[in-house]
Amino acid sequence: MAYQRPKGTADILPGESEKWQYVEATARNVFKSYHFSEVRTPMFENFDVFSRSVGDTSDIVTKEMYDFHDKGDRHIVLRPEGTAGVVRAYVENKLYGPEHPKPVKVYYMGPMFRYERPQSGRMREFHQIGVEVFGSEQAAVDVETIAMAMDFLKHCGLQDLKLVINSLGNIASRQAYRQALIDFLEPHFAELSHDSQERLHKNPLRVLDSKDEKDQAIVADAPSILDYLDEESTAHFTAVKQLLGDLDIPYEIDANMVRGLDYYNHTIFEIMSNSKAFGGQYMTVCGGGRYNGLASELGGPETPGFGFAMGVERLLLIMDADKVAMPIDHALDVYLVSIGDAAQRANLKLIQAIRQAGFTAERDYLDRKAKGQFKTANRLNAKVVLTLGDSEVESATAHLKNMATGAEISVPFAQITTDFKAVYETVLAAE
RNA sequence: GCGGUAGUGGCGAAGUGGUUAACGCACCGGAUUGUGGCUCCGGCACGCGUGGGUUCGAUUCCCACCUACCGCCCCA
């Protein structure tokens, strides 16, 4: 094989691309009903946009970014996630200005890049559908946005979803907890896994997330962040839980759940699926939360924010495993069969007229025999086949065959070019 | 970054240190000068992931690399 696609990338071919379109269209529809608008930001940003926002001790920044220096010696990175760029755009374009009604609600969909070892549901170039809401601290924003994510996944046919929430509290609460956690873990330092030792001082919350058994045993007795929430943080989290209850959205609280990105505070959540696609294990399809303070971190005014992102590859994996039926439209209205050069020429005008009339039409381009052309028409599921040979060209009349019934009728060219809709209906009615 | 498994035509899949690399599906052609299904006949890998090495000879043995899949790490 002369050329191969880069490791961890995929070609999304016809047959597969229709599924992507369906998922994307579903997202647009659902998001529209919540009054979100699309935003499109660059696929690469300055390095600082991510190191500032995602956190320079995060795994994403320390080892997973596709970064390089361009010909102007700018330090560029292919975006590893969507939020930072959207926040940058929000600030740079002053969407915080008074002429923009608050909250500003946007969604995006597109490729993200992380330098990782590919696995099922994890690619180096992968795709996310995400949303961001700027300008409101209200718990209703958290809850409605979570509800929208659930809504979307249900529209995609997903069953058995589990919503897990937690609160990281505001900056003060988080700082207090961070210290408490360090104080708790330090006596156990020698027993911790290597990774957790590394993280203890850089990002102790991540130790909570460790899958190492010994770490988990230690962490089991660690203080809970929920006990360190101050009054404001508690009030917010309580409101979130109440509103989820009002909407009858079931959820679990996992006080050990953290996020890989540093910018989160207050509510964080994940939506998980235990689909066969992941061997019955729970796998996260959607993750997000609140990120008050990120906009100011990127040079804008203090602005509360809330958002989520979901992995399209993972979503599609689940939909495949769960055999979700997608209404994919492959309909071909007309296939044109022509025998001989004169017929081919005549067909050109007819097929264009048919397409202009709003019908889907295909023909043969390989000079195949009539039989071969009919076989193709059949395989493409053409509803009607229009046949043309020398005699038809002479009489300026085409044969139209109803492929379902086998009935055939003759129609003058003039009628086909001027009113194909009527012709088509006549053929379909032919027994 | 670490560990494991694998890589033969468009797809699935057999196979061997040595003349022409099974078979199935798909596709193309013919039987049927211009009509879909079935059947029958015929065609379809100068090649066995890539590059080296061993050998008189390698798809088969050895090494490296690449890629995919699974797990770790982490995440969507």
Side-chain angles (χ1 to χ4, degrees), chain A residues 1-10 13 54 58-65 79-83 109-130 149 153 193-196 198-199 203 206 209-213 215 257-261 270-273 278-279 281 283-288 307-318 335-340 343 364 366-393 398-408:
Chain A
M1 215 134 358
Y3 296 103
Q4 296 181 313
R5 59 181 180 263
K7 186 186 182 90
T9 61
L13 303 173
V54 171
S58 68
D59 282 322
I60 286 181
V61 169
T62 55
K63 55 181 202 189
E64 292 174 1
M65 290 214 296
R79 62 184 187 191
E81 60 102 40
T83 301
M109 45 187 75
M112 306 292 164
F113 306 85
R114 289 183 202 171
Y115 192 88
E116 305 185 272
R117 196 66 181 269
Q119 268 173 57
S120 110
R122 175 189 305 169
M123 304 290 285
R124 288 187 171 179
E125 180 184 27
F126 63 107
H127 297 77
Q128 288 189 330
I129 295 176
L153 294 173
S193 67
H194 180 72
D195 282 337
S196 292
E198 289 269 307
R199 288 178 187 131
N203 195 343
R206 290 276 306 285
D209 208 26
S210 172
K211 280 168 196 131
D212 183 278
E213 278 186 30
D215 287 354
M257 181 172 76
V258 299
R259 309 259 67 215
L261 315 179
E270 290 186 7
I271 301 172
M272 310 175 89
S273 158
F278 310 118
Q281 301 278 13
M283 174 71 105
T284 304
V285 276
C286 176
F308 67 71
M310 41 190 123
V312 179
E313 282 82 358
R314 283 186 187 181
L315 177 55
L316 256 8
L317 227 44
I318 299 172
Y335 191 92
L336 287 83
V337 168
S338 54
I339 300 130
D364 173 77
L366 301 172
D367 289 325
R368 290 190 305 168
K369 300 279 163 56
K371 176 175 178 153
Q373 296 187 44
F374 264 88
K375 278 174 91 164
T376 299
N378 197 45
R379 205 169 71 217
L380 296 179
N381 246 314
K383 304 234 177 23
V384 168
V385 168
L386 182 154
T387 313
L388 222 55
D390 290 339
S391 60
E392 287 87 348
V393 173
H399 284 299
L400 281 96
K401 181 172 184 174
N402 177 331
M403 291 297 275
T405 66
E408 216 164 351

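Pairing each heavy atom of A:I129 with each of A:M109, the nearest pair is CG1-CB, 3.8 Å. Scanning both residues, A:R124 and A:P118, for their nearest heavy atoms gives NE-CD, 4.3 Å. Of all heavy-atom pairs spanning A:M272 and A:T284, the tightest one is CE-OG1, 3.7 Å. The two residues A:F126 and A:M123 have their closest heavy-atom pair at CD2-O, 3.6 Å.
Side-chain N or O atoms of A:Q373 include one that pairs as donor or acceptor with a backbone N or O of A:S338 at under 3.5 Å. Between the A:R314 side chain and the A:V285 main chain, no donor and acceptor come within less than 3.5 Å of each other. When atom types are taken as modelled, the side chain of A:E125 and the backbone of A:G8 share no donor-acceptor pair closer than 3.5 angstrom.
One can place CE of A:M310 at 19 Å from P of B:C75, the figure rounded to the nearest angstrom. As a whole-Å value, the separation of A:L380 CG from B:C27 P is 11 Å. Here B:A76 presents its C1' atom at 11 Å from CD of A:E81, a figure rounded to the nearest Å. One atom, CZ of A:R114, and another, C1' of B:C74, lie 9 Å apart when rounded to the nearest Å. Rounded to an integer number of Å, the gap from CZ of A:R79 to P of B:A76 is 15 Å. A:M283 has its CE atom 13 Å from the C1' atom of B:C73, to the nearest Å. To the nearest angstrom, P of B:C75 lies 18 Å from CD1 of A:I271. Residue A:L336 contributes atom CG, which lies 18 Å from atom P of B:G36 at whole-angstrom precision.
Base pairing annotation: B:G42 forms a Watson-Crick or G-U wobble pair with B:C28, both donor-acceptor distances under 3.5 Å. Pairing for B:G57 is absent, judged as Watson-Crick or G-U wobble with the two contacts each under 3.5 Å. Of the nucleotides present, B:G7 is the one that pairs with B:C66 by Watson-Crick or G-U wobble criteria, both distances under 3.5 Å. Nucleotide B:U19 forms a pair with no other nucleotide shown, judged by Watson-Crick or G-U wobble geometry with both contacts under 3.5 Å. Summarising the base pairing, B:C72 is matched to B:G1 through a Watson-Crick or G-U wobble pair whose two defining distances lie under 3.5 Å.
Side-chain atoms of A:Q4 and base atoms of B:A68 include no donor and acceptor less than 3.5 Å apart. The base of B:C73 sits within donor-acceptor range of the side chain of A:R122, with an N or O pair under 3.5 Å. For A:E64 and B:G1, a side-chain-to-base donor-acceptor distance below 3.5 Å is absent, hydrogens and geometry of angles not being considered. If you check distances only, the side chain of A:S391 does reach the base of B:G34 with a donor-acceptor pair under 3.5 Å. Judged by distance alone, with hydrogens and angles left aside, A:Q373 brings no side-chain donor or acceptor close enough to the base of B:U35 to form a pair under 3.5 Å.
Side-chain N/O atoms of A:R117 include none lying less than 4.0 angstrom from OP1 or OP2 on B:C74. Proximity of A:K375 to the phosphate of B:G36: no side-chain N or O atom is located under 4.0 Å from OP1 or OP2. For A:R259 and B:A76, the shortest distance from a side-chain N or O to OP1 or OP2 is below 4.0 Å.
Side-chain atoms of A:K401 lie closest to B:U35 of the nucleotides B:G71, B:C28, B:U35. The side chain of A:R368 approaches B:G29 more closely than any other nucleotide in the set B:G37, B:G29, B:C69. Candidate nucleotides B:C27, B:G34, B:A76 were compared by shortest atom distance to the side chain of A:R379, and B:C27 ranks first. Nearest nucleotide to the side chain of A:K7, out of B:C75, B:U67, B:U35: B:U67. The nucleotide whose nearest atom lies closest to any side-chain atom of A:Q119 is, among B:C28, B:A76, B:C72, B:C72. For A:K371, the listed nucleotide lying nearest its side chain is B:A31; candidates were B:A31, B:G34, B:U67.
Salt-bridge formation is not detected for the pair A:R114/A:E81: no Lys NZ or Arg NE/NH1/NH2 atom is positioned less than 4.0 Å from an Asp or Glu carboxylate oxygen.
Nearest-nucleotide positions on RNA chain B for A:T9 and A:H127 put A:T9 closer to the 5' end. Both A:H399 and A:E116 lie near RNA chain B, and the one whose nearest nucleotide falls closer to the 5' end is A:H399.
Straight-line distance between the C1' atoms of B:C44 and B:U50: roughly 26 Å, to the nearest whole Å. The P atoms of B:G47 and B:U32 are separated by 38 Å, rounded to the nearest whole Å. Across the C1' atoms, B:U60 and B:G7 are found 14 Å apart, a figure rounded to whole Å. Comparing the C1' positions of B:C62 and B:G1 gives an interatomic distance of 27 Å, to the nearest angstrom. Taking atom P on both B:C56 and B:C40, the two are 49 Å apart, rounded to the nearest angstrom. Here the separation of B:U35 from B:C25, taken at their C1' atoms, is 25 Å to the nearest Å. Rounded to the nearest Å, the gap between the C1' atom of B:A68 and that of B:G49 is 11 Å. Rounded to whole Å, the separation between the P atoms of B:G51 and B:C46 comes to 15 Å.
Residue contacts for A:E270: at a heavy-atom cut-off of 4.0 Å it reaches no nucleic acid atom on any strand shown. Residue contacts for A:M123: at a heavy-atom cut-off of 4.0 Å it reaches a base atom on one of the strands shown. At a threshold of 4.0 angstrom between heavy atoms, the contacts of A:G8 are confined to the sugar-phosphate backbone, with no base atom among them. Residue-level contact check: A:G406 touches the bases, meaning some heavy atom is under 4.0 Å from a base atom.
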Would A:F374 and A:K401 count as a side chain to side chain contact (heavy atoms under 4.5 Å, CB included) here? Give the steps. CA-CA 11 Å; A:F374 264 88; A:K401 181 172 184 174; 3.9 Å; yes
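B:G53: glycosidic angle beyond 90° from 0, hence anti.
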